[in-house]
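What follows is a set of notes on a single structure, which appears directly below.
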Amino acid sequence: MMQSKTTFIAISLLLAIGLSACDKPGPAEQAGKKMDQAASDTGKKVGETVDKLENKMTEQGAKSAQAFDDTEITAKVKAELLGEPGLKSLQISVDTVKGVVTLTGTVDSKANSDKAKARAMAIGGVRDVTNQLVVTSAK
């Protein structure tokens with residue numbers, strides 16, 4: 001009876017040692033884990049890159065929309081000035097940045113300068129007007 005218990009304990013110890021040896025990863029398991037880690041890291045980097053790309057595309061889209069809006073505002077202001085009697089619209093330059101219209105050039109009176117600014121300010125989408133028109137004496 002004592003000998004069977006000793007044999008049983010010895011066999012159990014051998015099995016425990018064998019099992020613990022099986023827990024140690026072999027070269028193939030280590031290579032597999034490294035591949036899994038590399039795939040996981042690559043997936044994270046791809047995800048981060050896609051997120052950055054999406055953010056840049058969103059920013060570019062917003063910038064393009066703003067540039068289109070500015071171009072549209074500039075065209076509308078020029079058309080408005082062209083239709084205004086008394087203003088020599090060809091002597092007035094219009095530039096728009098983020099909804100702020102800048103008028104440059106020359107006009108023959110302060111009243112026409114104010115009129116040009118008021119007409120520009122009346123256009124939809126205009127946030128502000130910077131009037132840099134120079135009043136010159138009428139010829």
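None of the values given here were measured: they were computed from a predicted structure.
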> To the nearest 0.5 Å, what is the distance between OG1 (Thr42) and CD (Gln37)?
Replying inline: 9.5 Å

> Run the side-chain contact (heavy atoms from CB on, under 4.5 Å) check on Ile73 and Val101 step by step: do they pass?
Replying inline: CA-CA 8 Å; Ile73 289 170; Val101 174; 3.8 Å; yes

> Atom CG of Leu87 and atom CD of Glu80: how far apart are they, to the nearest 0.5 Å?
Replying inline: 9.5 Å

>> Keeping Asp70 on the side-chain end and Gly99 on the backbone end, is there a donor-acceptor pair under 3.5 Å?
In response: yes

> Does the side chain of Asn55 come under 3.5 Å of the side chain of Glu59 through a donor N or O and an acceptor N or O?
Replying inline: no

>> Which heavy atom of Ala120 sits nearest to which heavy atom of Val126, and what is that distance?
In response: O-CG2, 3.4 Å

>> Rounded at 0.5 Å granularity, tell me how far OG1 in Thr71 sits from CD in Gln66.
In response: 9.5 Å

>> Using modelled atom types and a 3.5 Å cut-off, is there a donor and acceptor pairing between side-chain atoms of Ser40 and backbone atoms of Asp36?
In response: no

> Where do Glu48 and Lys44 land on the salt bridge (charged side-chain N to carboxylate O under 4.0 Å, His left out) test, with the steps shown first?
Replying inline: CA-CA 6 Å; Glu48 291 171 1; Lys44 287 178 185 174; over 6 Å; no

> Hey, are the side chains of Ile92 and Lys88 touching, using non-hydrogen atoms and a 4.5 Å cut-off?
Replying inline: no

>> Rounded at 0.5 Å granularity, tell me how far NZ in Lys115 sits from CG in Leu133.
In response: 13.0 Å

>> Please report the interatomic distance OG1(Thr58) to NZ(Lys56), rounded to the nearest 0.5 Å.
In response: 12.5 Å

>> salt bridge (charged side-chain N to carboxylate O under 4.0 Å, His left out), that's the test. Do Lys110 and Asp114 meet it? Break it down for me.
In response: CA-CA 6 Å; Lys110 173 83 168 113; Asp114 294 342; 3.0 Å; yes

> Should Leu81 and Leu103 count as side-chain neighbours, where that means a heavy-atom distance under 4.5 Å?
Replying inline: yes

>> Test of understanding: clusters of I, L, V, M, F, W, Y form through side-chain heavy atoms closer than 4.5 Å, transitively. Do Val94 and Met121 belong to the same one?
In response: yes

>> So, taking the atom named NZ in Lys117 and the one named CG in Asp128, what distance separates them when rounded to the nearest 0.5 Å?
In response: 6.5 Å

> Do you know the tightest heavy-atom contact between Arg127 and Lys98?
Replying inline: NH1-O, 2.7 Å

>> Determine whether Asn131 and Ser113 satisfy the following criterion, side-chain hydrogen bond (donor to acceptor under 3.5 Å, both in side chains), listing intermediate values before the conclusion.
In response: CA-CA 8 Å; Asn131 188 352; Ser113 176; 2.8 Å; yes

